[in-house]
Amino acid sequence: FRDGLKALGVLDELLRYPVQLKSLFTKPEKGVMAAEVENLFHIKRSERGSNTFHKKSRTLAFWQDYLQDAECEDSVSLEDILVSFSGCDSIPTLGFSPKPSLEFISYSRFPVANTCENILRIPFHNAYSDFKTDMDFAIRNSPGFGRA
């Protein structure tokens with residue numbers, strides 16, 4: 001391992017800047033925060049005034065509330081949410097590739113994920129309690145490929 005790092009010139013940099021490069025080789029010590037998960041996503045929005053703008057805005061607010069709940073409650077964790085759309089239980093140091101995207105669906109009451117492309121499609125609901133119940137059920141019952 002050391003020889004490989006040395007051959008690429010990485011070992012010298014590791015020895016020179018151990019604190020700065022630690023995160024490239026170790027798991028973060030603190031847990032994931034709701035704001036970090038929220039900021040991961042490119043959100044497919046509707047044009048203001050369109051037929052779906054209000055529905056998407058309400059669902060996006062539900063999503064933000066859901067992330068806050070996941071940070072504070074014991075039901076579904078932020079790590080569980082990450083696993084559901086990416087297969088990873090933490091945010092990679094260099095970020096996700098491709099960048100995760102958040103889309104909205106009307107054909108299912110449950111979220112749909114594509115872990116190969118880091119896409120999470122969340123359903124429209126009229127009430128936050130229904131949104132939370134269906135999100136919790138789907139995430140708890142579809143662990144994806146496991147923790148990466």
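- With sequence neighbours excluded, no residue forms a side chain to side chain donor-acceptor pair (under 3.5 Å) with N118.
- In this structure, L82 and L40 have side chains that are in contact, with non-hydrogen atoms separated by less than 4.5 Å.
- Judged by the 6.0 Å distance and 45° axis criteria, K132 is not positioned over the aromatic ring of Y66.
- Using a 4.5 Å cut-off between side-chain heavy atoms of Ile, Leu, Val, Met, Phe, Trp and Tyr, I105 falls into a hydrophobic cluster with Y107, V112.
- Taking the six-membered ring for Trp, F41 and F96 have ring centres at least 6.0 Å apart.
- Residues satisfying the side-chain contact (heavy atoms from CB on, under 4.5 Å) criterion with T133, sequence neighbours excluded, are absent altogether.
- Hydrophobic clustering (ILVMFWY, side-chain heavy atoms < 4.5 Å, transitive): I43 and L67 are in one cluster.
- The cluster map of Ile, Leu, Val, Met, Phe, Trp and Tyr, joined by side-chain heavy atoms under 4.5 Å apart, puts I119 and V37 in different clusters.
- Closest approach of V83 and T115 over heavy atoms only: O-CG2, 4.4 Å.
- Atoms OG and CD, on S84 and E79 in that order, are 11.5 Å from each other to the nearest 0.5 Å.
- In this structure, the side chain of T59 does not engage the main chain of K56 through any donor-acceptor pair within 3.5 Å.
- Here S75 pairs with D136, R140 under the side chain to side chain donor-acceptor pair (under 3.5 Å) rule; sequence neighbours left out.
- Between P123 and S108, the shortest heavy-atom contact is CB-O, 3.1 Å.
- Applying the side-chain contact (heavy atoms from CB on, under 4.5 Å) criterion to A127, with sequence neighbours excluded, gives S129, D130.
- Contact between F104 and L60 at its shortest, heavy atoms only, is CE2-N, 4.1 Å.
- For F137, the ring pair (Phe, Tyr, Trp, His ring centres under 6.0 Å) criterion is met by F110, not counting sequence neighbours.
- Under the side-chain contact (heavy atoms from CB on, under 4.5 Å) criterion, Q68 pairs with A34, E71, sequence neighbours left out.
- Listed by first and then second residue, the side chain to side chain donor-acceptor pair (under 3.5 Å) pairs involving residues 2-15 are E13-R16 (not counting sequence neighbours).
- Rounded to the nearest 0.5 angstrom, R48 CZ and H54 NE2 are separated by 12.5 Å.
- Although no hydrogens or angles enter the test, the distance criterion places a donor-acceptor pair under 3.5 Å between the side chain of S77 and the main chain of D80.
- In this structure, the separation between OG on S57 and CZ on R45 is 7.5 Å, given to the nearest 0.5 Å.
- Taking 4.5 Å as the limit, every side-chain heavy atom of N114 sits out of range of all side-chain heavy atoms of L120.
- Sorted by first then second residue, the salt bridge (charged side-chain N to carboxylate O under 4.0 Å, His left out) pairs that include residues 99-114, not counting sequence neighbours, are K44-E103, E103-R121, R109-D134.
- Between F131 and F62, the two ring planes are tilted [angle within 30° to 60°].
- To the nearest 0.5 Å, atoms CG (L78) and SG (C72) are separated by 9.0 Å.
- Applying the side chain to side chain donor-acceptor pair (under 3.5 Å) criterion to Q64, with sequence neighbours excluded, gives E38.
- Other residues, nucleotides and ligands contribute over 12 non-hydrogen atoms within 6.0 Å of the CG atom of N39.
- Formation of a donor-acceptor pair under 3.5 Å by the S50 side chain with backbone atoms of S46 is not found in this model.
- Side chain of E73 to backbone of A70: no donor-acceptor contact under 3.5 angstrom is found.
- Residues forming a side chain to side chain donor-acceptor pair (under 3.5 Å) with N126 (at least two apart in sequence, or on another chain): R58.
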